[in-house]
Amino acid sequence: MLPIVDSHCHLDFEDFRDDLPVILERARAAGIVGMVCVGSGGDLATAERAVVLAAKEPDVYAAIGIHPHDAGKVQPELWPALEELGKRDRVVGVGETGLDYFYDHSPRQAQREVFERFLRLAVAVKRPVICHVRDAHDDAIDVLRAGPLPDAGGVIHCYSGNSDQARRYLDLGLFLSFSGVLTFKKADDIRAAAAYAPADRILVETDAPYLAPMPHRGQRNEPAYVVKTLEALAQVRGISISRAAEATTANAFRLFNLGMPGVS
Ligand SMILES: [Zn+2]
Ligand SMILES: [Zn+2]
């Protein structure tokens with residue numbers, strides 16, 4: 001069995017409340033050796049739930065952030081609390097944060113300010129930044145270029161851009177994480193970017209419970225399904241599934257420092 005890392009999922013969501021142990025069992029049976037649980041709703045409680053889960057499960061790690069959808073709600077007193085959480089054991093990333101101009105649930109200016117603030121937070125806690133960018137790649141690249149970028153680097157999760165945008169993210173030293181969207185019919189640009197990115201900069205993820213890959217599209221997603229995305233990635237790159245697993249798993253360990261004492 002191939003060891004695989006699901007680099008972005010939301011196991012702390014209500015969707016998994018009734019059957020999380022089963023979900024984790026299925027993931028382990030499918031070869032998933034690490035799951036990064038991204039706790040980033042609109043408040044501190046979501047981030048805390050991810051940290052608590054990571055403390056309980058040996059193969060679950062946490063990230064702490066505020067989703068760009070909720071950027072407009074962020075109060076100043078949240079930042080010290082987030083910074084404290086960000087330094088905890090088994091917290092391997094900061095985010096998700098970024099820009100979402102598809103939904104525009106928060107004013108763009110607020111999204112931008114919170115994104116910039118999270119970059120500084122990631123620097124302070126020495127963790128990579130997990131970026132959510134939808135219909136906003138040019139602006140996100142501007143923010144990332146202005147920095148500061150954490151030494152620990154970062155990832156554009158659920159990558160939805162084209163190859164040219166990919167090149168600009170890669171020039172900044174960032175990783176690109178591919179989701180189940182890679183298996184969707186209308187994702188030719190994303191597949192082109194997945195073929196283009198160097199082998200040492202690619203990750204796979206589910207973003208569960210969202211975005212289940214084919215043939216599960218429309219159902220609740222779960223970490224075990226990341227295998228389908230890995231298969232699609234191998235196919236677009238013209239490599240074996242085992243090579244795709246080897247590369248993406250090594251990259252996830254490197255980016256999230258999963259072997260670090262006190263973290264793993
Ligand atoms: Zn996201
Ligand atoms: Zn997410």
Side-chain angles (χ1 to χ4, degrees), residues 5-16 20 23 27 32 34-51 53-54 60-74 82 86 91-106 108 110-112 114-115 118-119 122 127-137 139-141 143-144 154-161 165-166 169 174-182 184 187 190 193 203-213 219-223 225-226 229 252 255-256:
V5 173
D6 181 357
S7 74
H8 189 118
C9 54
H10 299 284
L11 296 174
D12 58 301
F13 278 18
E14 283 286 289
D15 308 68
F16 298 112
L20 185 61
I23 296 291
I32 316 303
M35 293 162 261
V36 179
C37 177
V38 178
S40 51
D43 54 19
L44 200 61
T46 355
E48 274 167 348
R49 272 206 300 277
V51 177
L53 183 63
V60 175
Y61 303 87
I64 53 109
I66 298 289
H67 199 280
H69 291 342
D70 299 303
K73 295 192 299 202
V74 175
L82 277 173
V91 172
V92 299
V94 165
E96 55 195 290
T97 178
L99 304 175
D100 193 316
Y101 295 174
F102 180 78
Y103 285 108
D104 273 330
H105 284 330
S106 279
R108 293 182 179 184
Q111 294 188 43
R112 214 179 147 115
V114 168
F115 187 19
F118 265 116
L119 290 180
R127 302 292 199 275
V129 63
I130 299 167
C131 308
H132 168 111
V133 184
R134 189 150 181 213
D135 283 2
H137 290 288
D139 278 12
I141 290 163
V143 170
L144 290 161
V155 54
I156 310 302
H157 108 86
C158 191
Y159 187 68
S160 61
Q165 289 153 340
Y169 287 121
L174 298 167
F175 288 73
L176 305 178
S177 178
F178 294 93
S179 71
V181 175
L182 206 56
F184 297 175
I190 301 172
L203 303 174
V204 285
E205 65 170 81
T206 55
D207 204 13
Y210 307 122
L211 294 173
Q219 301 164 18
R220 179 184 66 167
N221 199 0
E222 60 176 79
Y225 296 170
V226 79
T229 298
L255 175 66
F256 295 115

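Both ligands and their constituent atoms are indexed starting at 1 by order of listing. These numbers were taken from a predicted model, which means no experiment stands behind them.
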*Using the ring of Y101 (Phe, Tyr or Trp, six-membered ring only), decide whether R134 places NZ or CZ under 6.0 Å from its centre and within 45 degrees of its axis.*
no
*What residues form a ring-ring contact (aromatic ring centres under 6.0 Å, His included) with Y225, not counting sequence neighbours?*
H216
*Taking every non-hydrogen atom, the tightest pair across I130 and A63*: CD1-CB, 3.5 Å
*Relative to each other, are the rings of Y103 and H105 parallel, tilted or perpendicular (30° and 60° limits)?*
parallel
*Over 60° means perpendicular and under 30° means parallel, so classify the ring planes of H157 and H132, tilted if in between.*
tilted
_Nearby protein N/O/S atoms (those under 2.8 Å) for the Zn ion (ligand 1), with water ignored_ = E96 OE1, H132 ND1, H157 NE2
*Establish, yes or no, whether a centroid distance under 6.0 Å links the rings of Y169 and H137.*
yes
